[in-house]
Amino acid sequence: MEKSESGSRCCVVTGAAGFVGSHLCERLLALGYIVVGVDNFFSGRRENLLSFAAHPRFFFHERSVTESRLLHELYGAHGPFETVFHLAAIVSVPYSMDHPEETLEVNYGATVRLLNEAEKLGVRSFVFAGSAAEYGTQDRMPLRETDAGSWTRWLSPYGEAKYRATTAVASTRSPLRGVSLRCFNIYGPRQDPSSPYSGVISRFVDMAVAGRPLTIFGDGFQTRDFVFVDDVVEAYCRAGISEKADDSGSGGIYNVGSGRPTSILDLARLICRLTRRPESITFCSERPGDIRHSRASIEAIARGLGWRPRIALEEGLTKTIQWMHGEAQSLGAKDFPDGDLSEKK
Ligand SMILES: NC(=O)c1ccc[n+]([C@@H]2O[C@H](COP(=O)([O-])OP(=O)(O)OC[C@H]3O[C@@H](n4cnc5c(N)ncnc54)[C@H](O)[C@@H]3O)[C@@H](O)[C@H]2O)c1
């Protein structure tokens, strides 16, 4: 195994084989970091690691974030970490409804333990994947960071566990800097469209590329705040790496979104146009528990981290569609080596 020589340029990314985590690993490697990835493939995919698995500064451990002393063991193998990016989670809201205790343990309990370990190991920053689900049901838009609290009516154990974890992360004391990024609807290449509960963009693009009609739950006038994965990765990097002092007053909690509402019907029409398909849209009944509107206020992150979204919806959708076309033609992950990649030859 290889240890970080300086000890100052090494990051841990949990959920490295996931949609967002894999993009974050790629960016950190491009920035010159040693990246220690952790994932147990609960929902992540080996093929997400393909483009950087063999990188000499990437190390992968097939482990669960629920394992005790995980960070201590990684420290022993790779040396000190500058930042822990904690993205691993049970991400399916319906799964969380069926498995509330497991969701609380993975999404909240494990986060608190990792946070305590990070504190003891002298990690500089701990960046957590919070979620818009922490806001539960709300009428007031746009949603500000202070709009979630103990009074919130969460719609799922997923939302509640994320809220509790965010609160723990934001309560850390100096020298450890805890930041939670409450991301809204993230989309982009590598998002898995295979589950009926996948992000709406990945499902729509998948249906459109396959020439199937796009299915909308409800009337299509519900709105969401979509943010492209590269913009989200930029927010993670600014939160975990930048030296900029936070003067936003948001206590280390930031929304990450476009700040713009897009209706599901407009989204479906746009995807039909960009994939050059006839507008073929079907409607079925609203899903219980779905919120009507969701939109982020992004003032705090603009002030605190100097972040703003750069990729417009049409541009991001075009990139996602191009990727999905490539996926449809590819042979999958048959060349990916199995097992642990923590040792480099
Ligand atoms: N995609 C979105 O729109 C969105 C929005 C808000 C928040 N988030 C949060 O961002 C993070 C990344 O989400 P994503 O969309 O990339 O989902 P994803 O499912 O692609 O990634 C989550 C990763 O965590 C891994 N994982 C789950 N349980 C684990 C465990 N016990 N130990 C180790 N690894 C484990 C999964 O295998 C997967 O690779 C999650 O925390 C999610 O809650 C995502």
Side-chain angles (χ1 to χ4, degrees), residues 12-26 36-49 60-68 70-71 74 84-96 99 102-111 113-114 126-135 143 148 156-166 169 179-195 197-203 224-233 235-236 239 253-258 291 294 296 316 320 340:
V12 172
V13 177
T14 74
F19 159 49
V20 183
S22 61
H23 285 278
L24 177 59
C25 289
E26 252 174 356
V36 178
V38 175
D39 206 296
N40 68 352
F41 298 107
F42 184 79
S43 57
R45 300 191 299 170
R46 288 185 192 277
E47 50 268 48
N48 287 348
L49 300 170
F60 182 73
H61 296 263
E62 187 170 341
R63 306 278 297 268
S64 171
V65 291
T66 55
E67 292 174 39
S68 62
L70 176 66
L71 285 187
L74 298 180
V84 173
F85 294 96
H86 178 38
L87 281 73
I90 288 171
V91 298
S92 163
V93 168
Y95 184 94
S96 83
H99 304 86
E102 183 187 348
T103 303
L104 204 62
E105 163 60 8
V106 175
N107 292 8
Y108 170 62
T111 303
R113 286 196 298 276
L114 290 175
F126 188 100
V127 185
F128 174 66
S131 166
E134 293 176 43
Y135 293 110
L143 291 159
S156 64
Y158 172 80
E160 181 173 356
K162 285 282 182 183
Y163 172 79
R164 289 172 66 172
T166 283
V169 170
V179 179
S180 175
L181 298 180
R182 282 190 182 144
C183 295
F184 281 60
N185 290 62
I186 311 170
Y187 72 99
R190 297 198 194 128
Q191 193 166 27
D192 183 3
S194 61
S195 146
Y197 302 107
S198 303
V200 61
I201 289 187
S202 66
R203 281 192 302 109
R224 295 292 180 269
D225 183 329
F226 296 106
V227 58
F228 190 63
V229 67
D230 288 2
D231 280 330
V232 173
V233 164
Y236 272 103
I253 303 172
Y254 301 110
N255 288 338
V256 181
S258 67
I291 49 169
S294 171
T320 309
D340 203 278

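One-based numbering, in listed order, for ligands and for the atoms of each. Because only heavy atoms are used, hydrogens play no part in the values below, and waters and symmetry mates are left out as well, while side chains stay in.
- Side-chain atoms of His86 never come within 3.5 Å of backbone atoms of Ala110 as a donor-acceptor pair (strictly under, hydrogens ignored).
- Those atoms of ligand 1 with a heavy atom of Gly44 less than 4.0 angstrom away are 36 (C), 37 (O), 38 (C), 39 (O).
- Ser22 places no side-chain N or O within 3.5 Å of a backbone atom of Ala17 that could act as its donor or acceptor partner.
- In terms of polar-atom proximity, Gly18 is counted as a contact of ligand 1, with an N or O under 3.5 Å from an N or O of the ligand.
- Heavy-atom separations between Arg63 and ligand 1 include at least one value shorter than 4.0 Å.
- When only non-hydrogen protein atoms are considered, atom 44 (C) of ligand 1 lies nearest to Ile186 CD1, 3.9 Å.
- The shortest N/O to N/O separation between Ser64 and ligand 1 falls below 3.5 Å.
- Considering CG of Asp39 and CD of Glu62, their distance stands at 8.0 Å, rounded to 0.5 Å.
- Phe85 and Tyr236 have perpendicular rings, their planes meeting at more than 60° on a 0 to 90° scale where under 30° would count as parallel.
- Ligand 1 places these atoms under 4.0 Å from at least one heavy atom of Cys183: 5 (C), 6 (C).
- Residue Thr14 holds its OG1 atom at 7.0 Å from CG of Leu114, rounded to the nearest 0.5 Å.
- Checking Gly257, Gly199, Ala129 against atom 10 (O) of ligand 1, the nearest heavy atom belongs to Ala129.
- Set against the non-hydrogen atoms of Phe42, the atoms of ligand 1 under 4.0 Å away are 27 (C), 28 (N), 37 (O).
- The parts of Asp39 lying near ligand 1 are both backbone and side chain, judged by heavy-atom distances below 4.0 Å.
- Side-chain contact between Tyr158 and Ile90: absent, with no pair of heavy atoms (C-beta onward) separated by less than 4.5 Å.
- Here the heavy atom of the protein found nearest to atom 12 (C) of ligand 1 is Leu87 O, 3.8 Å.
- For the pair Arg46 and Phe41, the distance from NZ or CZ to the six-membered ring centre is under 6.0 Å and the angle to the ring normal is within 45 degrees.
- Nearest protein heavy-atom contact of atom 8 (N) of ligand 1 is Tyr158 OH, 3.9 Å.
- Using a 30° and 60° split on the angle between ring planes, Tyr135 and Phe184 fall in the tilted class, from 30° to 60°.
- With hydrogens left out, the protein atom closest to atom 35 (C) of ligand 1 is Asn40 OD1, 3.0 Å, a heavy atom.
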### Query
Could you go step by step and tell me if Glu105 and Arg113 meet the salt bridge (charged side-chain N to carboxylate O under 4.0 Å, His left out) rule?
CA-CA 10 Å; Glu105 163 60 8; Arg113 286 196 298 276; 2.8 Å; yes
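- Between Gly130 and ligand 1, no N or O atom pair is found at a separation short of 3.5 Å.
- When only interatomic distances are considered, the shortest N/O to N/O separation between Val38 and ligand 1 does not fall below 3.5 Å.
- Counting heavy atoms under 4.0 Å from ligand 1, residue Tyr187 does not touch it at all.
- The shortest contact between atom 18 (P) of ligand 1 and any protein heavy atom is with Ser43 OG, 3.8 Å.
- Atom CG of residue Asp230 and atom CG of residue Leu24 lie 11.5 Å apart, to the nearest 0.5 angstrom.
- Checked options Lys162, Arg182, Arg164; the residue passing with Glu134 is Arg182 (criterion: side chain to side chain donor-acceptor pair (under 3.5 Å)).
- Using the six-membered ring where Trp is involved, Tyr95 and His99 have ring planes that are parallel, under 30° apart on the 30 and 60° scheme.
- Side chain of Gln191 to backbone of Ile186: a donor-acceptor contact under 3.5 angstrom is found.
- Regarding atom 20 (O) of ligand 1, its nearest protein heavy-atom neighbour is Phe19 N, 2.8 Å.
- Distance CG/Leu181 to OG1/Thr166: 9.0 Å, rounded to 0.5 Å.
- The protein atom (non-hydrogen) at minimum distance from atom 16 (O) of ligand 1 is Val20 N, 2.9 Å.
- Listed by number with element, the atoms of ligand 1 under 4.0 Å from a non-hydrogen atom of Phe41 are 37 (O).
- Residue, atom and distance of the protein heavy atom nearest to atom 32 (N) of ligand 1 are Val65 N, 2.9 Å.
- Counting the atoms of ligand 1 from 1 in the order shown, those under 4.0 Å from a heavy atom of Ala17 are 39 (O).
- Summarising the contacts of atom 27 (C) of ligand 1 with Gly15, Ala88, Ala89, the nearest heavy atom is found in Ala89.
- Only the side chain of Lys162 comes within 4.0 Å of ligand 1, counting heavy atoms alone; its backbone N, CA, C and O stay farther away.
- Per-residue contacts place Phe184 under 4.0 angstrom from the following atoms of ligand 1 (heavy atoms of the residue considered): 3 (O), 5 (C), 6 (C).
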